[in-house]
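Read through the structure below, which is laid out as structure tokens, and then see the notes.
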Amino acid sequence: MIHLDQYAYGNALRNVHPQEKFFFALATMIICLAANSFVVSLIVILLMAGVSILAGKIPLRFYCKLMLIPAAFLLVGTATIAINIVDNSANLLWGCQIFHVYLGVTNQSLLLAAKLFFRAWGAVSCLYFLSLTTPSVEIIAILRKLKVPELFLDLMSLTYRFLFVLMDRADNIHIAQTVRLGYTDIRKGYRSLGQLVANLFLHSYQRSRDLYTALEARGYQGYFRVLEREYRYSKKNLCLILCLEMLLILIAWRYS
Amino acid sequence: MTTNILEAQQLYFSYPDGTQALAGLSVTIEKGSKVAILGPNGTGKSTFLLHLIGILKPTKGDIFFEQKKLDYRRASLQALRSRVGFVFQDPDNQLFSASVWQEVSFGPMNLGWSKEKVIEQVNLALDLTGTAHLKERPIHALSYGQKKLIAIAGVLAMAPEVIILDEPTASLDPQYTNHILKLLEEINSGGTTVIMATHDVDLAYTWADTLVVMKDGRVLKKGQPVEVFLDDEVLQASSLTKPYVLEIFQQLQRNGYFAEDIMIPRSRQQLLEIIAARGQDLINKRAVAY
Amino acid sequence: MTTNILEAQQLYFSYPDGTQALAGLSVTIEKGSKVAILGPNGTGKSTFLLHLIGILKPTKGDIFFEQKKLDYRRASLQALRSRVGFVFQDPDNQLFSASVWQEVSFGPMNLGWSKEKVIEQVNLALDLTGTAHLKERPIHALSYGQKKLIAIAGVLAMAPEVIILDEPTASLDPQYTNHILKLLEEINSGGTTVIMATHDVDLAYTWADTLVVMKDGRVLKKGQPVEVFLDDEVLQASSLTKPYVLEIFQQLQRNGYFAEDIMIPRSRQQLLEIIAARGQDLINKRAVAY
Amino acid sequence: MIALGLGSFLVMPKAAYAMHIMEGFLPVKWSISWYVLSLPFLIWGLISIQKIIHKEPKYKMLLGLAGAFVFILSALKIPSVTGSCSHPTGVGLGAILFGPTAMTVIGCIVLIFQALLLAHGGITTLGANTFSMGVVGPFASFIIYHGLKRLGGPQWLAVFAAAALGNLLTYVTTSVQLALAFPAATGGFMASLTKFLGVFALTQLPLAISEGLLTVFIFNLLTSY
């Protein structure tokens, strides 16, 4: 996760208007979802990989590793859909009998599962494009433009900021416990982890109070009013994105 | 033309758990001065500082800002905090935003300035602290020293007349310590009053123009660095050690190594210089003798 | 009879984000020595220390404990960690228990000792660190310095043969700094090897018997404190400043103030003493002259 | 500094035991439906939080930190009874500590960052995941905890049941959501639900027990402070 976040700040598309990237990722994702076709899914996967790697300068090896993360859920999830309890063994591609139940894969179920497999992967590649090129701070700014309530956004900012602080602390305590042999068997492991979490909670509580004090000292009046970075729209990018999406819609319409 | 910018009169304060942190503390802070508040851990330094911006309210006693008594109403507190900035010891407790730019703009935005003014001030503060190159970086990717600088920038951007820092150099390596001391020097020479709490006597001796020695929630002594550190009674009562520059100088002077009327050195640099000058002196004398 | 207790051979290590922290670091640590690892922040000091207890595994190179190569299997790591203790810089990131007693007994309990032995060891560690009176206190009610002592006690209670400390005196006031240095002296005189990382040159100069200067993930120089700090090339390359005791002594000696063969002072105390002795000397001479 | 590269145990997830429905898995129809169903709970949560903040401004910081806390909690590896490692959901502990309405909001925020930073879950499935992890789980935990306590059950049992069942019910909901979206050709929703429950029960039951045990540990420590 540290990587995804680091690339968001350090990729080659960092200075492109976040709204352009957000729109591009989301529109493509929705088309991929709605089209539910092999061709569109494959195009989306290739398109997003291409943009992320070539334009965003995300290392190829790292990108491939990322794409494998959801593979496990994908395999289990789609297999569960592909394999069904069937009563007649007529149009089965594959089947087996366990006790009195007959499990099998039909043409239909396999097609459904395979379509789903690629559709989900396509959508994931859109999500990756967004998180690899757009820092969370900018995504919060977009949500502000979309009129998401201020309170929700403030909580989001705080969560994002302190996630790293708490992670450091959790890491440090975990190491401190490890070097004092706290995880040498499962019983000790539970005890140590319980202490870690309890400590983390109390620490969060204390930190929230200290933070309030510090913000009060800087004139906090109930909301996090800050200056957001300004970006310029690029007509070229907007045209490109619109053309791409139109093209995708055409292909989707042709193949479904 | 020394006017008091801040004043505390007979402050008493106890924490909810019963510890009495302040016990009749009175002190005045002159406008434009560089004040170091000294004392070992647990003498109420931080508690006192939090009183100066009205975060803590004394159980007895008063705070005055520009001779005006603080009345703890919302508007007065806001007015006070718009002119007195505070930098906490742990930057992770102070930085709430993930982006450097947003973080530094928080204070100025709260002051209700125009967008242009805010941008100008944020850039000014980033330049002053030498952190303009960090503008696009997320806070969590910064080192401890960088976070500390951003915390200071966030306060400087509000253009305060007084800036208060709690242990600004704790946990920093010598490079960052020097950077921050130079920065504070620069801010002060622009007319801003700088107050810091520290337990580093060497730093306080060299940097401050006024020392406030605290003990048991009270002010034991206030004065110029040399004056305070020559007062052995105060040092003993507050269990402060003498700055090494002063101690070594005094030992050499007792040996008659320097002229009686020599300026007491305030920094390692100065001490080394007067020793070197004395060496030159001896060589010259010897040259004359032959 | 100096045997190596720990040894690093050609360590290379890069963090997942690509930063190379160690680049061919080799060093031996003698049993029973007091080692200070010096270098500015970001030279890989902490990374190196974490290698010594097998928390980080080098991408290339080896660690030896008592001439035996560490093989990173569960049992070997456990054996190593039961004999090498580690104290982190920030006690707040290390202490996780509710009470002092719980915290200090954590390590001994994990060693699988009998209840009597655990109690004995915990009491010993509390006595040694001078924190027996804090036994019943909750951790969060302790001061920063007290927390630091408890963090050390928690490691000492495991009776390690080597104790490694990352910046043990950062953020501490002079009293606690002294207390901890004395404690480390005492532990060391009992035969325990003590290794600390620090960026405080004055402290390292006075306290250590062996210095390891690091730069860019490598060892630039290892040697006795005086030897290392007289090597101007090393100081410049590692941007370390000279300890003030040594610098002032050298300036005085250049002035011809001391005899050529005088012992180089290692501490402020020693420097003051030789200056005072010189003063006495002058008085005696003068007395003879009359 | 140390943590810079370690993340030694808070590492990139190996999603073998993936708990949230992944990006793109649900058809558009169901994506929208779950968004619509979660929304009222989110609004309810925000209103209740706003009310408390009005009286106690510090509460906002606490909830922000709580979000970070739950995120870290759900990234911890707990040794499972079966020997494998897994992540707790934090649903039970969170519901007891912060209340179920606040947990809807916290849960949703945590899910957004899990999607963006860990590729765990997704944007199109955020509604569905919020409903299972932020609504069903916390409310179930909360009711179980207070119900058992009212019935005079011991504290540890209430905590254990709330955490374990909260975890389990979250996955039952996920199974329902998947079965609704992908009914079997023969047997429809029920047949599909059996399949998904079967797969999840195998993996999730021991994990639910692990989380229950850990939460009891944590809770005992918290009350001892």
Side-chain angles (χ1 to χ4, degrees), chain B residues 15 17 19 38-43 45 89-90 92 141 143-146 167 169-178 198-202 239-245 247-257 265 267-269 271-283 286, chain C residues 17 38-43 45 89-90 92 141-146 148 167 169-178 198-202 239-245 247-257 265 267-269 271-283 286:
Chain B
Y15 278 103
D17 68 354
T19 355
L38 270 173
N41 290 348
T43 36
K45 297 195 297 287
Q89 180 174 350
D90 183 356
D92 273 330
S143 72
Y144 188 85
Q146 289 170 331
E167 301 282 358
T169 62
S171 296
L172 291 181
D173 68 9
Q175 270 102 318
Y176 271 104
T177 302
N178 278 337
T198 182
H199 48 232
D200 187 336
V201 285
D202 295 313
S239 61
L240 288 176
T241 52
K242 199 169 267 194
Y244 72 84
V245 170
E247 192 170 19
I248 293 170
F249 169 79
Q250 280 188 297
Q251 185 60 54
L252 281 168
Q253 206 177 29
R254 265 198 295 277
N255 286 5
Y257 198 59
S267 66
R268 177 181 186 162
Q269 200 49 44
L271 175 62
L272 286 168
E273 273 166 18
I274 60 170
I275 296 177
R278 178 79 182 120
Q280 201 52 50
D281 218 32
L282 288 172
I283 293 171
R286 231 167 276 161
Chain C
D17 70 350
L38 271 173
N41 286 350
T43 38
K45 296 196 300 286
Q89 176 175 349
D90 186 354
D92 275 327
L142 303 183
S143 74
Y144 190 85
Q146 289 171 330
K148 194 91 192 189
E167 303 282 357
T169 60
S171 296
L172 290 182
D173 65 14
Q175 269 103 320
Y176 273 105
T177 303
N178 279 336
T198 182
H199 46 230
D200 186 336
V201 286
D202 296 314
S239 61
L240 288 176
T241 53
K242 199 168 268 195
Y244 71 83
V245 170
E247 191 170 20
I248 293 170
F249 170 78
Q250 281 188 298
Q251 185 60 54
L252 281 168
Q253 207 177 27
R254 265 198 296 277
N255 286 5
Y257 198 58
S267 65
R268 176 181 188 163
Q269 199 49 42
L271 176 62
L272 286 169
E273 273 165 19
I274 60 170
I275 297 177
R278 178 80 181 119
Q280 199 53 49
D281 219 32
L282 289 171
I283 293 173
R286 230 167 276 160

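Here is how names work: the chains are called A, B, and so on, in the same order as the sequence lines, proteins then strands, and each is numbered from 1.
Taking CG from Leu38(B) and CG from Asp200(B), the interatomic distance works out to 8.5 Å, rounded to the nearest 0.5 Å. If you take CG on Asp90(C) and CG on Asp90(B), they are separated by 8.0 Å, rounding to the nearest 0.5 Å.
The shortest side-chain heavy-atom distance between Tyr176(C) and Lys148(C) does not fall under the 4.5 Å cut-off.
A donor-acceptor contact closer than 3.5 angstrom links the side chains of Asp17(B) and Thr19(B). Between the side chains of Tyr244(B) and Asp202(C), no donor-acceptor pair is found at a separation under 3.5 Å.
Using a 4.5 Å cut-off between heavy atoms, Ser239(B) touches chain C through backbone and side chain atoms alike. In this structure, no portion of Tyr144(B) lies under 4.5 Å from any heavy atom of chain C. Both the backbone and the side chain of Ile275(C) come within contact range of chain B, each with at least one heavy atom under 4.5 Å from a heavy atom of that chain. Interface residue Gln251(C): backbone and side-chain heavy atoms are both found under 4.5 Å from chain B. Both the backbone and the side chain of Leu272(B) come within contact range of chain C, judged by heavy atoms closer than 4.5 Å. The parts of Glu247(B) that come within reach of chain C are both its backbone and its side chain, each placing non-hydrogen atoms under 4.5 angstrom from that chain. In this structure, chain B has a heavy atom under 4.5 Å from the backbone of Leu172(C), while its side chain stays farther away. When heavy atoms are compared at a cutoff of 4.5 Å, Glu167(B) does not approach chain C at all.
For the set Gln89(C), Gln175(C), His199(C), the count of heavy-atom pairs under 4.5 angstrom toward chain B peaks at His199(C). Interface remark: of the candidates Asn255(C), Leu282(C), Ile283(C), Val245(C), Asn255(C) forms the most heavy-atom pairs closer than 4.5 Å to chain B.
Here the shortest heavy-atom pairing between Pro265(C) and Leu271(C) reads CB-N, 3.7 Å. Closest approach of Ala170(C) to Ser171(B), counting heavy atoms only: CB-CA, 4.4 Å.
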